[in-house]
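Working notes for the structure below.
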Amino acid sequence: MAKNLLIVESPAKAKTIEGYLGKDFMVKSSYGHIRDLVKTDDAIDVLNNFTQKYEVPADKKAVVSELKKLAKEADVVWLASDEDREGEAISWHLFETLGLKEDKTKRIVFHEITKPAILRAIDNPRKIDYNLVNAQQARRVLDRLVGFELSPVLWKKVKPSLSAGRVQSVAVRLIVEREREINKFKTTAAYKVVAIFSTGKQKELFRADLSERFDTEAEATEFLQACKNAAYKIESLETRPAKRSPAPPFTTSTLQQEASRKLGFSVSRTMTVAQKLYESGKITYMRTDSVNLSETALDAASNEINKAYGNQYHQLRKFKTKSAGAQEAHEAIRPTYFDQHSIEGDNSEKRLYELIWKRAIASQMSEARFEKTTAKIGISTRAEQFIANGEVMKFDGFLKVYIESTDEDQDVNLDDESGNAILPPLSKGQDLKAQEITATERFSRPPARYTEASLVKKLEELGIGRPSTYAPTISTVQNRGYVVKEDREGKSRTYCVFSLKNGEINKDTKTEITGAEKAKLFPTDIGAVVNDFLIQYFKGIVDYHFTANVEKEFDEIAHGLKEWTEMLKSFYSPFHQEVENTIQTAEKARGERDLGIDPASGKKVSVRIGRFGPFVQIGEADDEEKPRYASLRSGQMIETISLEDALELFNLPKKVGAFEDKDMTVAIGRFGPYIRHNSAFYSLPKDVDPHSVTEEQAIEIIKNKRIKDAEKLIKTFDEDPAVKVLNGRWGPYIEYGKQNVKIPKGKEAKDLTFEEVKALAEAAEKEPKKKGGRFAKKKG
DNA sequence: CAGTGAGCGAGCTTCCGCTTGACTT
């Protein structure tokens, strides 16, 4: 039996460390926290110094009983959870739950999983830091109090099953407020002028931008007129060195951002793939806020750079974290072995690994050096100048392996073509010819909608959330129906281009698509209503700085400067009072908005949230004639829908013809337009306008749907035609009434008899639905 | 899913932060 039991949080980490230590050590994992507050409302006794009731959740019982047994047999138990607030609390919970003895327990910490770091830690054990534990308890209790007192207020005043919390409610607020900024944004147009100059020599053409823009068409054309007979001359020429340095190695948040931009991964996909890489020993821990690399890693990176690129490419760098809330219990995310430039695995694993490898290697490489040239070109007839920028790379440095992208790279930005071109040899005073000068109408752009990754970036800047919660938070706000991730089609708009060529000015009108969005976060009506409600009644909680402020107090607790129960008391009593007041005084929030009067009937038109989502109502409940209702379509919101668009929703359902002796009607449901035929539903393809569907189109759509359904169908039964055996995404299944039943292995779907199908369905109904893990998806 | 939108009311929902597999129509 091992004399020493060492407990870490992650099983993959346990395996690695066991390899570093001798057979005297058994290394086990707690799988994160082993206890949590009970799920009920009596988890915290607020009248009695916030005394907490903890329990070991069902899925942790086995871990705890195994650890308990091993701890009893060991001479010394080493608590080696992470060195941060949560890690310290895990050690304390282990100490309490496993019934450890003070004199047989040692607390150790390390920030990197390397042999010297582990051995050093074992040589320097300490005691559990109860100040840090108290800071964690304050954090945990505050989050529970906020979440479990606010959410029920929403159930009463808005809608059941909603939720609010310190983190999620701010995430929703960011998205709601960004959407409103976009809605109220006023686009302005200006003319941007670009010239193509030639030196006179063959093929020596380059581009230069005018230093100013023109607000009106008249000013732009006046400028081009003046250019007709102008002479151009280089008035100044400046060349200066420039350099660019590599970014630090990845943290969770920067990995999520870069994987989103470069690989198109969602935040959760990045984490799933990274988890696989971590478990197979290819990268270090993937939930980290640290940009630090271990000495071992710095050496390995240095060796690899010298070997692969030469030592002029190596530059030792130590990065400091910029994010305020960082706890830095781990290293930055880096490859375990720098000499592995790529790995075996599936495609996404390979790509993510390469991204991590490149970023980590580049962070230890020398800067890239450039020579930047700026030429200012005078116009004989005008005061403005054209400016040409050129850039020549003198030494590639870290750019040999890695170019960091930015959010702006994703947007199509026609204004941003300037910069890095190569200029021909130029000299001061040189005369130039203008081949072509164009003045193009360009529009100002509203702030960008959040992507999952840019929301994570913003949350991290505000110090809200932790590496382990960024991905789950994004799921939560979507599962609650506060936010949707969607593509939206853009609108086309026209713009003018004036060009001066061969002494003539031509006007051209072009069209472009604007406002198209891909995988962006949009608020829903319920998200907006909940947000406004929280801002009205709980301004302090949804304040962008609330987390940062309480974090300061948690830090004081951690340093022994503040009593954790005192901190909670001064927070809780005014907060609880607000909760009580709100329950007493607040009206039910339905997000109602009046749109005006329906010209056809003279009745009031309003929009609000109902049981089935947002809808328009014409007329009022106490009118003699009943009000008429229609659901809003996806993409329409209460706060932005126009009277015209709202009335348009009532032009349907509409008969479009008949097929097989039954009428076909087109209508718009919550999930978009559809055709109803013989009590069946057929969704309209996205490119078909529901208001102008023809009979032929409708028949075509119905036929296509039937063909697709027939392809899925394996068999039906004479005994009950509603029962079907179908081919699904994960193999064959039975559709029996409202439930779908999986077909057990070893059964051929096409050989099933009706009796067998019935038996399977009934067995499935009796069997209580297996619950997934603690993280199984819940229905939204 | 989609057509609806009254009202009653039992019983339920909910937080953030550590961790992995189990699970999916």
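Only heavy atoms go into these numbers, but all of them, side chains included; no hydrogens, no water, no symmetry mates. Chain identifiers are assigned alphabetically (A, B, ...) following the order of the sequence lines, protein sequences preceding nucleic acid strands; residue numbering begins at 1 within each chain.
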* To do: Could you pull out all residues at least two apart from A:Lys159 that satisfy side-chain hydrogen bond (donor to acceptor under 3.5 Å, both in side chains)?
  => none

* To do: Ignoring backbone atoms, establish whether A:Arg140 has a side-chain N or O less than 4.0 Å from OP1 or OP2 of B:dG17.
  => no

* Sugar-phosphate, base or nothing in reach of A:Tyr682, heavy atoms under 4.0 Å -> nothing

* Asked: Between A:Lys485 and A:Glu452, is the closest basic N to carboxylate O distance under 4.0 Å?
  -> yes

* Any A:Arg480 side-chain nitrogen or oxygen under 4.0 Å from OP1 or OP2 of B:dT14 -> yes

* Give, ordered by number, those residues of residues 150-157 of chain A having at least one heavy-atom distance below 4.0 Å to an atom of DNA chain B; if nothing qualifies, reply none. => A:Ser151, A:Pro152, A:Trp155

* Take the protein atom NZ of A:Lys15 and the nucleotide atom C1' of B:dT20, then report the distance between them rounded to whole Å. => 14 Å

* State which residues pass side-chain hydrogen bond (donor to acceptor under 3.5 Å, both in side chains) with A:Ser290; sequence neighbours excluded, sorted by chain then number. => A:Glu328

* To do: Identify, between A:Leu145 and A:His330, the residue whose nearest nucleotide on DNA chain B lies closer to the 5' end.
  => A:Leu145

* ring-ring contact (aromatic ring centres under 6.0 Å, His included) involving A:Tyr629 - partner list, sequence neighbours excluded -> A:Phe615

* At under 4.0 Å between heavy atoms, what does A:Gly147 touch on the DNA or RNA strands: base, sugar-phosphate, or nothing? -> base

* Asked: Where each residue is assigned the nucleotide of DNA chain B containing its nearest heavy atom, which of A:Asp41 and A:Asp84 is assigned the position nearer the 5′ end?
  -> A:Asp41

* **Residues forming a ring-ring contact (aromatic ring centres under 6.0 Å, His included) with A:Phe681, sequence neighbours excluded** => A:Tyr674

* Can you tell me the distance, in whole Å, between the NE2 atom of A:His33 and the P atom of B:dC15? => 17 Å

* Looking across every strand, which nucleic acid part, if any, lies under 4.0 Å from A:Gln168 by heavy atom: base, sugar-phosphate, or nothing? -> sugar-phosphate

* With a 4.0 Å cut-off, would you call A:Arg139 and A:Glu551 a salt bridge? -> no

* Set of ring-ring contact (aromatic ring centres under 6.0 Å, His included) partners for A:Phe575, sequence neighbours left out -> A:Phe571

* To do: May I ask you to say what A:Leu162 touches in the nucleic acid, namely base, sugar-phosphate or nothing, with a heavy-atom cut-off under 4.0 Å?
  => sugar-phosphate

* Structure fact -> Picking from B:dA2, B:dC18, B:dC15, the nucleotide nearest the side-chain atoms of A:Ser683 would be B:dA2

* To do: Under 4.0 Å between any heavy atoms, over every strand shown, what does A:Ala164 touch: base, sugar-phosphate, or nothing? Just pick one.
  => sugar-phosphate

* Of the nucleotides B:dC15, B:dT19, B:dG3, which has the atom closest to the A:Thr476 side chain? -> B:dC15

* **Test item: side-chain donor near acceptor, A:Asp598 and A:Ser601, under 3.5 Å** => yes

* To do: Looking at every strand, decide which applies to A:Val167 at a 4.0 Å heavy-atom threshold: base, sugar-phosphate, or nothing.
  => sugar-phosphate

* Give a yes/no on whether any side-chain N or O of A:Gln275 is located under 4.0 angstrom from OP1 or OP2 of B:dT20. => yes

* Check ring-ring contact (aromatic ring centres under 6.0 Å, His included) between A:Tyr285 and all other residues, then give those that pass, not counting sequence neighbours. => A:Tyr278, A:His330

* For DNA chain B, the residues among residues 463-471 of chain A that have a non-hydrogen atom under 4.0 Å from it -> A:Gly465, A:Arg466, A:Ser468, A:Thr469

* Asked: Taking CD from A:Glu279 and C1' from B:dT19, how many angstroms apart are they, rounded to a whole number?
  -> 10 Å

* Asked: With respect to A:His33, which candidate in A:Glu86, A:His93, A:Glu9 satisfies the side chain to side chain donor-acceptor pair (under 3.5 Å) definition?
  -> A:Glu86

* **Side-chain N or O of A:Arg628 closer than 4.0 Å to phosphate OP1/OP2 of B:dG3** => no

* Asked: Should A:Glu66 and A:Lys28 count as an ion pair when the cut-off is N to O under 4.0 Å?
  -> yes

* A:Met286 has an atom CE; how far is it from atom C1' of B:dC18, in whole Å? -> 11 Å

* Could a donor-acceptor pair under 3.5 angstrom be found where the side chain of A:Ser161 meets the base of B:dT13? -> yes

* Find the runs of at least 3 consecutive base pairs, i with j, i+1 with j-1 and so on, that include DNA chain B, using Watson-Crick or G-U wobble geometry with both distances under 3.5 Å. => none

* What is the distance from CH2 of A:Trp92 to C1' of B:dG17, rounded to the nearest Å? -> 15 Å

* To do: Answer yes or no as to whether B:dT14 has its base stacked against A:Phe148, where stacking requires a ring-centre separation under 5.5 angstrom and planes under 30 degrees apart.
  => yes

* Asked: How many Å lie between CG on A:Asp36 and C1' on B:dC18, as a whole number?
  -> 10 Å

* Between A:Lys13 and A:Asp82, is there a salt bridge with N-O shorter than 4.0 Å? -> yes

* Is A:Ser29 touching bases, backbone alone, or none of the nucleic acid, heavy atoms closer than 4.0 Å? -> nothing

* Structure fact -> Taken in chain and number order and not counting sequence neighbours, the residues that satisfy side-chain hydrogen bond (donor to acceptor under 3.5 Å, both in side chains) with A:Glu349 are none

* To do: Starting from P on B:dT19, measure out to NZ on A:Lys13 and report it in whole angstrom.
  => 7 Å

* A:Asp36/A:Arg140 ion pair, N-O < 4.0 Å -> yes

Output a table of nitrogen or oxygen pairs between the protein and nucleotides 5-8 of chain B separated by less than 3.5 Å.
residue, atom, partner, partner atom, Å
B:dG5, O6, A:Ser631, OG, 3.2
B:dG5, N2, A:Arg611, N, 3.3
B:dG5, N2, A:Phe612, N, 2.3

* Check the distance between B:dA2's C1' and A:Ile675's CD1 and give it to me in whole angstrom. => 13 Å

* A:Asp84: partners by side-chain hydrogen bond (donor to acceptor under 3.5 Å, both in side chains), with sequence neighbours left out -> none

* Asked: Would you say a side-chain N or O of A:Arg35 is under 4.0 Å from OP1 or OP2 of B:dC18?
  -> no

* To do: Kindly assign one of parallel, tilted or perpendicular to the pair A:His677 and A:Tyr682, based on the angle between their ring planes and the thresholds 30° and 60°.
  => tilted

